[in-house]
Novice: 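Can you keep this structure in mind? I'll have questions shortly.
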Amino acid sequence: MAVSEQDWRDEQTYVDHVRERIAERMDAMEVKAGSTKEDVVEIRRNFWDEVSVNLTNPDDIAETHFAIRQQAEVLADKERQYSTAAKVAKTLARLVENPFFGRVDFREDGESETDTVYIGLGSFRDEDTDEFLIYDWRAPISSLYYDHSPGRVSFQAPGGEITGEMEVKRQYVIRQGRIELMFDANVTIGDELLMEALGRHSDTQMRSIVATIQQEQNAVIRNDHSRMLIVQGAAGSGKTSAALQRVAYLLYKHRGTLTARQMVLFSPNTMFNSYVASVLPELGEENLEQTTFQEYLERRLKRHFQVEDPFDQLEFVLTEENATHYRARVEGIRYKSSYAFTRVIRAYCESLLNRGMRFRPISFRGKVIVSREQMREHFYSYEPNFRMNHRMESMRKWLLEQLVALEDAEKDADWVEDEVELLDPDDYRKAHQRVSRMNAHRDEVFNEHGQEREILGRMVVHRKLAKIRKRVQKLQFIDIPGLYRTMLEHIEEYAAVDDREALPDNWTDIARYTLEAMEQKQLPYEDATPYLYMMELVLGMSVNTSIQHVFIDEAQDYSRLQIEFIRHLFPRARMTILGDLNQSVYVHEPALARAHDLGDVYGEEHTEFIRLSRSYRSTFEIVEFTRRMTASDGEIVPFERHGERPRVIRTTDAEHNRRLVNEVRSLQDQGYSSIAVICKTAAESEKVYAAVKDDIESSLISKETTRFIHGIVVIPAYLAKGVEFDAVVVYDGSRTVYAHEHERQLFYTACTRAMHELVILSADEPSHFIADQPKDTYVLEHESETTC
């Protein structure tokens with residue numbers, strides 16, 4: 001709805017007023033921050049000058065300790081003051097350029113006056129009038145802007161529901177303090193504002209979307225009641241953006257009780273971490289911890305194995321179809337991600353209470369001091385109902401007692417005498433002091449030298465047993481690799497009747513592949529989580545109770561067991577799971593394929609499902625083309641931002657790379673600065689990069705890449721998930737490259753990375769994923785028709 005010229009002038013006047021007040025506060029904060037920083041520097045420089053150190057007697061020691069503690073508290077308080085002032089200054093710096101992006105005029109029921117609420121990245125209150133000039137987008141009343149159009153409305157405040165009438169809803173684009181776009185809207189977020197935001201070029205980092213949050217995204221952001229929130233969204237629907245705004249919202253709502261350090265994000269790869277790293281700081285919040293599930297697996301299992309990463313597993317699936325063990329491996333990947341295999345692991349671990357536990361003998365100086373048989377006998381001497389965790393704790397205690405007995409038995413051995421001679425003088429002094437304390441209250445002392453010799457002997461043996469003691473403390477006397485091997489070799493004994501039907505016919509070949517890899521100290525990716533899960537069931541679950549919120553992005557890449565494992569790892573956390581089944585590029589069964597089964601993790605009453613169906617990233621034409629590749633075609637709704645139809649160019653082998661270079665140059669000439677040449681695999685990416693790097697300045701993206709790179713990149717499709725580019729050139733979309741059904745999602749993922757332009761080169765007949773689309777959704781060109 002158009003805004004009158006007078007309204008425009010009035011709004012600009014208000015912007016100028018707000019910016020003036022913000023500038024005044026900025027000046028004050030800069031002075032305060034500078035003064036506080038000087039205090040911090042001064043305290044640090046003169047810290048010990050203000051503390052009297054006296055250690056001559058207990059009273060002086062206590063006084064010294066109190067003085068140091070007091071000075072440290074003064075320093076910590078000043079540092080907190082500086083940190084707060086600096087944070088406020090950053091927020092003000094953002095607000096002064098773009099004070100607000102929305103306004104609602106709201107009259108609460110029973111009130112005669114209408115409140116005008118301006119909404120921005122942060123709150124700003126005029127200290128002279130105590131009036132809020134800007135409300136934070138996360139404030140309860142701000143939800144009116146995202147969820148309602150003018151008319152009868154309500155919102156949830158801390159004191160309960162507030163109802164009333166929204167009389168005006170206005171939206172702005174403000175840059176450098178000048179209003180560039182303004183209109184009244186009858187919908188959640190006007191298409192004009194969203195169109196303006198989506199029409200920009202991509203950047204090296206994801207941007208905040210608080211000015212254009214849609215109603216369905218706001219439901220994700222402000223959900224504060226579900227233990228598990230599962231978000232399934234189309235490519236470009238803003239899943240990740242909504243998740244990060246959700247982090248900011250939770251930190252705002254629960255400030256004082258929740259910090260960024262109590263939240264963790266599992267992302268698809270390390271490059272993605274850099275891509276989203278600026279969103280929360282832009283909103284004035286600290287970044288939460290970001291990691292990948294692979295990093296966690298490697299950290300837990302590196303002592304035993306080199307763990308294959310999911311990208312190498314996918315490279316195998318995509319490139320080694322002619323390998324002799326290909327079929328067995330692929331079927332093994334699928335089975336090991338199934339719930340049937342999870343039940344096998346549980347049944348196997350339960351059976352270990354009665355038979356089959358495997359141990360490693362404990363040896364010292366080439367001699368077995370506790371054998372496997374002794375451990376097994378002791379382990380099964382407990383009552384049958386004695387649970388695994390209690391048995392492990394008892395076994396640990398019993399073995400430590402055996403080491404104490406060994407110290408007593410070995411202290412007089414000849415080898416100990418030799419080691420005693422090599423001890424430091426300080427060790428002799430300690431032994432002498434200990435003997436003196438022992439004999440201080442005795443009337444007579446006999447053989448003081450012998451006492452010292454016994455203490456020194458025990459000292460030698462105790463130190464020599466340190467590594468063994470540490471291994472016992474960590475339960476390393478359990479043969480976990482041996483247990484996993486046994487389970488694979490005798491799996492039919494532990495599979496339930498119905499699970500035996502699910503067991504692949506070629507299980508022997510599947511097990512052999514894993515067992516041979518384990519012999520080489522390697523663990524296939526499909527075995528890593530099951531292995532770790534079995535280890536945790538036997539040794540006891542490692543948990544982190546400090547984490548309150550867990551976010552899993554690209555959740556279609558996770559199996560149910562992986563999701564359940566993360567749930568047990570963070571038992572006090574709420575989980576937000578985001579994914580798109582249409583981008584399931586791995587061959588295992590994704591947990592999201594049975595999303596409602598995940599309700600069992602917390603209970604259905606604590607689980608909520610939200611679907612984001614509208615795609616905002618790509619133009620209408622690109623979405624119309626790509627959505628028809630999916631099984632959920634009708635559930636994907638394109639946003640009405642139009643552009644050119646995707647172009648499919650039929651080339652020849654001889655001209656393919658030349659045409660690639662020409663297309664990239666043409667896209668550059670159109671003003672696109674972020675261009676991706678998307679290949680099927682890492683191997684193809686390396687080959688293409690080597691062929692074109694002398695003709696176009698570009699970068700190769702691999703799994704080792706840690707930073708999202710702007711410009712022209714050559715990248716495997718599976719590493720491009722979650723990121724976007726102005727334009728995409730799919731290197732080869734021919735039927736010989738994308739032929740199999742399990743490659744459909746990979747091709748879909750590649751095509752949906754494009755914001756404005758999509759070009760698909762094809763060195764052979766186009767893939768049926770293209771040919772099956774209506775002919776009016778793309779333009780087919782032939783090299784001979786387009787060559788000058």
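Because the structure is predicted, anything quoted here is derived from the model rather than measured. Any value given below was found using the heavy atoms of this structure, including those in side chains, with hydrogens, waters and symmetry copies removed.
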Novice: Name all residues meeting the salt bridge (charged side-chain N to carboxylate O under 4.0 Å, His left out) criterion together with Glu127; count only those two or more places apart in sequence or in a different chain, and write none if there are none.
Specialist: Arg25
Novice: Could you tell me which residues satisfy ring-ring contact (aromatic ring centres under 6.0 Å, His included) with Phe625, sequence neighbours excluded, listed by chain and number?
Specialist: Tyr778
Novice: Check salt bridge (charged side-chain N to carboxylate O under 4.0 Å, His left out) between Asp10 and all other residues, then give those that pass, not counting sequence neighbours.
Specialist: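 Partners of Asp10 under the salt bridge (charged side-chain N to carboxylate O under 4.0 Å, His left out) test: none.
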Novice: Please confirm whether the ring centroid of Phe565 lies under 6.0 Å from the ring centroid of Phe570.
Specialist: no
Novice: Can you name the ring-ring contact (aromatic ring centres under 6.0 Å, His included) partners of Tyr748, sequence neighbours left out?
Specialist: none
Novice: Pair up each side-chain donor or acceptor in residues 113-120 with any protein partner under 3.5 Å, not counting sequence neighbours, and list the distances.
Specialist:
{"residue": "Thr114", "atom": "OG1", "partner": "Glu167", "partner atom": "OE1", "Å": "3.2"}
{"residue": "Thr114", "atom": "OG1", "partner": "Glu167", "partner atom": "OE2", "Å": "3.3"}
{"residue": "Thr116", "atom": "OG1", "partner": "Asp105", "partner atom": "OD1", "Å": "3.4"}
{"residue": "Tyr118", "atom": "OH", "partner": "Glu11", "partner atom": "OE1", "Å": "2.7"}

Novice: Using the salt bridge (charged side-chain N to carboxylate O under 4.0 Å, His left out) criterion, which residues pair with Glu216? Sequence neighbours excluded.
Specialist: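 Glu216 satisfies salt bridge (charged side-chain N to carboxylate O under 4.0 Å, His left out) with no other residue.
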Novice: Do you know which two heavy atoms are closest between Thr259 and Leu251, and how far apart they sit?
Specialist: C-CD2, 3.5 Å
Novice: Which of these passes side-chain hydrogen bond (donor to acceptor under 3.5 Å, both in side chains) with Ser267: Asp553, Thr291, Asn273?
Specialist: Asn273
Novice: Evaluate the criterion salt bridge (Lys or Arg N to Asp or Glu O under 4.0 Å) for residue pair Arg175 and Glu180; output intermediate values, then yes/no.
Specialist: CA-CA 7 Å; Arg175 293 195 180 97; Glu180 295 187 357; 2.5 Å; yes
Novice: Please check: side-chain N/O of Arg19 versus main-chain N/O of Glu97, any donor-acceptor pairing under 3.5 Å?
Specialist: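 Checked: no pair found.
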Novice: Report yes if the distance between the aromatic ring centroids of Phe132 and Tyr135 is under 6.0 Å, otherwise no.
Specialist: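 Yes.
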Novice: Indicate the ring-plane relationship of Phe101 and Tyr146, choosing parallel, tilted or perpendicular according to the 30° and 60° boundaries.
Specialist: tilted
